[in-house]
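Let me begin by presenting the structure, written as structure tokens, before commenting on it.
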Amino acid sequence: MDANEILDYCLAKKGVTESFPFDNETLVMKVDTKMFLLMGLERQPLAINVKTDPEWSAELREQYPQITGAYHMNKTHWNSVTVDGLKRELIFKLIDQSYDLVFKSLTKKAQNEVNSL
């Protein structure tokens, strides 16, 4: 799986935008105004940061050496995921959960605006 596949998957979701708020190499995907995925485009092997349920985070970190607490982020809620060696279904599931968790944290007004797109 490459960065373009991840980008396309994210952009297919409602209300998603992409930006580079930190530097020219770290792509940030947002729903409304909140981040749900970060991806270092120059990093090899490719890795993403996603938000996950804390209980699932613990399970994932035990099961997969490619999944660790995200650098410079709240490690209880955010994971760094090295894509190499993981099934695409798992990567998509991680992205879906991150999007869903962030979407649910939006105000009802913001949720309605995203849903109307």
Side-chain angles (χ1 to χ4, degrees):
M1 175 168 280
D2 65 20
N4 287 327
E5 288 178 274
I6 293 170
L7 176 63
D8 291 344
Y9 189 79
C10 291
L11 290 174
K13 295 182 173 299
K14 282 190 175 191
V16 172
T17 58
E18 60 181 303
S19 64
F20 291 88
F22 305 118
D23 56 39
N24 293 332
E25 299 172 4
T26 307
L27 176 64
V28 174
M29 305 302 292
K30 294 180 180 179
V31 57
D32 192 45
T33 61
K34 295 190 175 194
M35 297 186 305
F36 73 94
L37 182 138
L38 292 89
M39 179 168 44
L41 298 177
E42 300 299 317
R43 184 171 171 192
Q44 291 300 324
L46 180 64
I48 59 175
N49 285 2
V50 289
K51 191 169 192 174
T52 51
D53 174 81
E55 288 182 23
W56 195 37
S57 289
E59 291 175 31
L60 290 166
R61 292 174 193 172
E62 286 178 20
Q63 191 171 1
Y64 301 100
Q66 301 96 321
I67 301 176
T68 60
Y71 185 65
H72 281 309
M73 300 183 86
N74 182 331
K75 290 166 182 47
T76 302
H77 298 279
W78 286 87
N79 284 308
S80 182
V81 180
T82 302
V83 174
D84 285 355
L86 294 177
K87 292 183 179 180
R88 61 189 293 116
E89 295 81 18
L90 176 60
I91 295 165
F92 289 154
K93 186 175 179 180
L94 289 163
I95 294 169
D96 290 344
Q97 183 174 96
S98 187
Y99 176 91
D100 292 344
L101 287 169
V102 172
F103 180 83
K104 288 175 187 171
S105 74
L106 298 174
T107 65
K108 290 292 179 194
K109 180 182 176 186
Q111 288 179 12
N112 290 335
E113 288 173 3
V114 168
N115 281 330
S116 69
L117 297 176

(message) I'd like to know whether L37 forms a side chain to side chain contact (heavy atoms under 4.5 Å, CB included) with I95, so could you lay out the CA-CA distance, the side-chain angles of the two residues, the decisive distance to 0.1 Å, and finally the verdict.
(response) CA-CA 7 Å; L37 182 138; I95 294 169; 3.7 Å; yes
(message) Let's go through T68 and R61 carefully: what are the C-alpha distance in whole Å and the side-chain angles of both, what is the deciding distance for side chain to side chain contact (heavy atoms under 4.5 Å, CB included) to 0.1 Å, and is it a yes or a no?
(response) CA-CA 6 Å; T68 60; R61 292 174 193 172; 5.6 Å; no
(message) Show, in sequence, the C-alpha distance, side-chain angles and deciding distance for L38 and W78, and conclude whether the side chain to side chain contact (heavy atoms under 4.5 Å, CB included) test is met.
(response) CA-CA 10 Å; L38 292 89; W78 286 87; 4.0 Å; yes
(request) Under the side chain to side chain contact (heavy atoms under 4.5 Å, CB included) rule, what do R43 and T82 come out as? Steps first, then yes or no, please. (result) CA-CA 10 Å; R43 184 171 171 192; T82 302; 4.1 Å; yes
(request) Could you go through the salt bridge (charged side-chain N to carboxylate O under 4.0 Å, His left out) check for K30 and E18 one step at a time? (result) CA-CA 6 Å; K30 294 180 180 179; E18 60 181 303; over 6 Å; no
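To the nearest 0.5 Å, the span separating OG1 on T76 from CG on D53 amounts to 11.0 Å. Taken from CE in M1 to CD in E89, the straight-line distance is 8.0 Å, to the nearest 0.5 Å. For the atom pair T107 OG1 and D32 CG, the distance stands at 7.0 Å (nearest 0.5 Å). In this structure, the separation between NZ on K13 and CZ on F36 is 7.0 Å, given to the nearest 0.5 Å. Summarising the geometry, atom NZ belonging to K108 is positioned 10.0 Å from atom CG belonging to N115; distances are rounded to the nearest 0.5 Å. Here the CD atom belonging to E59 is positioned 11.0 Å from the CD1 atom belonging to I67, to the nearest 0.5 angstrom.
In the displayed structure, K14 atom NZ is contacted under 6.0 Å by more than 12 heavy atoms of other residues, nucleotides or ligands. Heavy atoms of other residues, nucleotides or ligands lying less than 6.0 angstrom from OH of Y71 number 12 at most. Other residues, nucleotides and ligands place no more than 12 heavy atoms under 6.0 Å from the CG atom of N24.
M73 and V31 fall into different hydrophobic clusters, where Ile, Leu, Val, Met, Phe, Trp and Tyr side chains are chained together by heavy-atom contacts under 4.5 Å. Note: the hydrophobic cluster containing L90 also contains V83 (ILVMFWY, side chain heavy atoms under 4.5 Å, direct or indirect links). Put simply, F20 and M35 are part of two different groups of oily side chains (I, L, V, M, F, W, Y) that touch within less than 4.5 Å, one to the next. Using a 4.5 Å cut-off between side-chain heavy atoms of Ile, Leu, Val, Met, Phe, Trp and Tyr, with links allowed through other members, L101 and F92 fall into different hydrophobic clusters. There is no path of hydrophobic side-chain contacts, each under 4.5 Å, that joins F22 to L27.
A donor-acceptor distance shorter than 3.5 angstrom exists from the side chain of S116 to the backbone of E113, with no hydrogens or angles considered. Listed for the S57 side chain is no donor-acceptor partner under 3.5 Å among the backbone atoms of H77. At least one donor-acceptor pair closer than 3.5 Å links the side chain of S98 to the backbone N or O of K51. In this structure, the side chain of Q97 does not engage the main chain of T52 through any donor-acceptor pair within 3.5 Å.
Annotation for V81 and V50: closest pair CG2-CG2, 4.0 Å, computed over non-hydrogen atoms. Taking all atoms of both residues into account, the shortest heavy-atom contact from M29 to C10 is CE-CB, 3.5 Å. Here the closest heavy-atom approach between residue Q66 and residue D84 is recorded as NE2-O, 3.3 Å.
Side-chain contact check for Y99 versus K104: every heavy-atom pair is 4.5 Å or farther apart. Using a 4.5 Å cut-off on side-chain heavy atoms (C-beta onward), L94 and I48 make no contact.
Applying the side-chain contact (heavy atoms from CB on, under 4.5 Å) criterion to S105, with sequence neighbours excluded, gives K34, V102.
Of the N and O atoms on the side chains of Y9 and D96, at least one donor lies less than 3.5 Å from an acceptor on the other residue.
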